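Here's the structure we're looking at; comments come further down.
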Amino acid sequence: MQPATQSATADKVKALEWRGGVLRLLDQRQLPAREEYIDCADADQVATAIRDMVVRGAPAIGIAAAYGVALAARRVGQSEDWAQALKADLELLENARPTAVNLSWALKLMRDRLARLSAHADVPARLLEAAQSIHQSDHEANLTMGKLGMELIRKHQKTPQNLLTHCNAGALATGGYGTALGVIRAAHAAGLVDKVFIDETRPWLQGSRLTAWELERDGIEASINVDSAAGHLMKTQTITWVIVGADRIAANGDVVNKIGTYSLSILAMHHGLRFMVVAPSSTIDMALEHGDEVVIEERGAAELLQLGGQSLDVGVPVFNPVFDVTPADLIDAIVTEKGVIERPDARKLADLMSHRHLH
Ligand SMILES: CSC[C@H]1O[C@H](OP(=O)(O)O)[C@H](O)[C@@H]1O
């Protein structure tokens with residue numbers, strides 16, 4: 001099976017890039033107004049960039065953390081006990097953000113790679129190769145998922161249709177091309193997309209600032225709406241799919257994603273829209289039995305109380321959970337690079353993760 005072809009524009013969007021011994025990050029806090037970059041030279045700078053959402057998106061923060069380990073090893077240079085030498089930096093990276101499993105997944109891969117190296121190995125070089133492999137594999141997975149998701153859309157309807165997406169699950173959130181936006185790109189290339197409705201995704205505005213920026217560069221027709229307009233749009237517009245990414249998928253198929261995703265799944269069910277989640281298998285956490293067991297990140301009040309340079313702080317406390325849990329039974333399909341699961345459940349997830357699943 002041939003993966004989707006890379007979009008020329010999407011390929012230029014690199015959330016992160018290894019460049020001359022540093023990790024160059026596109027500072028997503030400044031988009032779309034400014035394209036500015038931050039160069040990270042050590043694990044602490046990478047952890048800070050993840051925590052401050054310079055780089056964000058489940059796959060992208062996993063890849064960034066992997067490069068953070070490579071940077072840490074370069075600073076150590078040589079060691080008789082690499083596990084001890086890198087322990088503090090690994091913990092720093094692991095604690096940068098709690099919800100997306102890709103972060104701990106990538107760090108586990110780096111630890112396992114380190115454990116397999118011989119005493120005489122060039123550890124910094126081998127760990128950099130491991131980080132680059134995680135990065136490249138994620139990009140390739142997105143191209144495969146784009147094709148699989150497009151084919152699923154085409155299976156149900158072969159004419160151009162309207163889609164709705166939430167947050168940013170694009171090239172900016174991954175190793176390139178995107179997960180949910182990868183499917184939207186591939187579907188658009190196949191003539192299956194009329195228009196994309198983009199939830200602005202308060203409070204951080206990943207939709208209006210990042211997804212709109214990506215789709216505009218791709219020449220894909222779209223419009224931005226406030227999150228609370230989604231129900232009205234489903235009722236008054238002909239939208240066939242809600243397509244989103246994920247930060248962690250539980251073993252039973254529950255999906256942890258940006259706050260507002262759960263509400264969309266209820267609205268989609270009520271209005272008869274199909275609901276697609278697109279995520280690499282690195283986002284599936286088989287150790288998490290149900291989604292409600294996950295730690296939901298809560299971020300600061302400033303994200304809500306700063307609007308257009310004006311403070312809205314009148315002393316009322318803020319509650320800012322930035323993820324929620326969508327139950328598996330409200331999801332029509334989970335698209336991964338290993339295959340598509342329609343009507344996900346624990347058995348289907350187990351089959352997929354044990355490679356018994358066919359596309
Ligand atoms: C493919 S990105 C997955 C996921 O990450 C985003 O969260 P954040 O911007 O806070 O890192 C959002 O939940 C996306 O759907």
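Being a predicted model, the structure only gives us computed values, none of them experimental. Read the numbers this way: they start at 1 and go in the same order the structure lists the ligands and their atoms.
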NZ/NE/NH1/NH2 to OD/OE distance under 4.0 Å, [X] and [Y]:
X: Glu214; Y: Arg217; result: no
X: Asp351; Y: Arg347; result: yes
X: Arg299; Y: Glu297; result: yes
X: Asp227; Y: Arg202; result: no

Checklist line | More than 12 heavy atoms from other groups under 6.0 Å of CZ on Phe197 | finding: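 Enclosed: over 12 neighbouring heavy atoms sit under 6.0 Å from CZ of Phe197.
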
Item checked: Part of Glu297 with heavy atoms under 4.0 Å of ligand 1, whether side chain, backbone, both or neither ->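 The answer is neither.
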
Is there at least one pair of N or O atoms, one from [X] and one from ligand 1, spaced under 3.5 Å apart?
X: Ala173; value: no
X: His166; value: no
X: Thr174; value: no

Margin query: Distance check, rounded to the nearest 0.5 Å: Asp218 atom CG versus His188 atom NE2?
Written below: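 Atom-to-atom, Asp218:CG and His188:NE2 are 8.5 Å apart.
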
Margin query: Given the ring of Trp213, does Arg209 sit roughly above its face, with NZ or CZ under 6.0 Å from the centre of the six-membered ring and within 45° of the axis?
Written below: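 Pair Arg209/Trp213 does not count as cation-pi.
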
Margin query: On a heavy-atom basis, I'd like to know which of Gln206, Arg56, Arg97 is closest to atom 6 (C) of ligand 1.
Written below: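 Ranked by closest heavy atom to atom 6 (C) of ligand 1, first place is Arg56.
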
Note to self: Within the structure, is a non-hydrogen atom of Val278 found at a distance of less than 4.0 Å from ligand 1?
What the structure shows: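 Val278 does not count as a contact of ligand 1 under the 4.0 Å cut-off.
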
Margin query: Contact between ligand 1 and Trp204 is defined here as a heavy atom of the residue under 4.0 Å from a ligand atom; is it met?
Written below: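 No, Trp204 has no heavy atom closer than 4.0 Å to ligand 1.
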
List ligand 1 atoms under 4.0 Å from [X], heavy atoms only on the residue side.
X: Pro59; result: 1 (C), 2 (S)
X: Thr179; result: 1 (C)
X: Ala169; result: 1 (C)
X: Asn168; result: 2 (S), 14 (C)

Quick test: of every protein heavy atom, which one is nearest to [atom], and how far off is it to 0.1 Å?
atom: atom 10 (O) of ligand 1; result: Lys258 NZ, 2.6 Å
atom: atom 5 (O) of ligand 1; result: Asp247 OD2, 3.0 Å
atom: atom 3 (C) of ligand 1; result: Ala246 O, 3.2 Å
atom: atom 12 (C) of ligand 1; result: Cys167 SG, 3.3 Å
atom: atom 14 (C) of ligand 1; result: Asn257 OD1, 3.5 Å

Notebook entry, point to check: Under 3.5 Å, side chain of Asp332 to main-chain N/O of Phe275, donor-acceptor pair present?
Noted result: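 At least one qualifying donor-acceptor pair exists.
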
Check: Pick from Gln45, Arg29, Gln30: which one makes a side chain to side chain contact (heavy atoms under 4.5 Å, CB included) with Ile38?
Finding: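 Among Gln45, Arg29, Gln30, the one meeting side chain to side chain contact (heavy atoms under 4.5 Å, CB included) with Ile38 is Arg29.
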
Check: Among side-chain atoms of Asp254 and His290, is any donor-acceptor pair under 3.5 angstrom?
Finding: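 Asp254 vs His290: no donor-acceptor pair found between side chains.
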
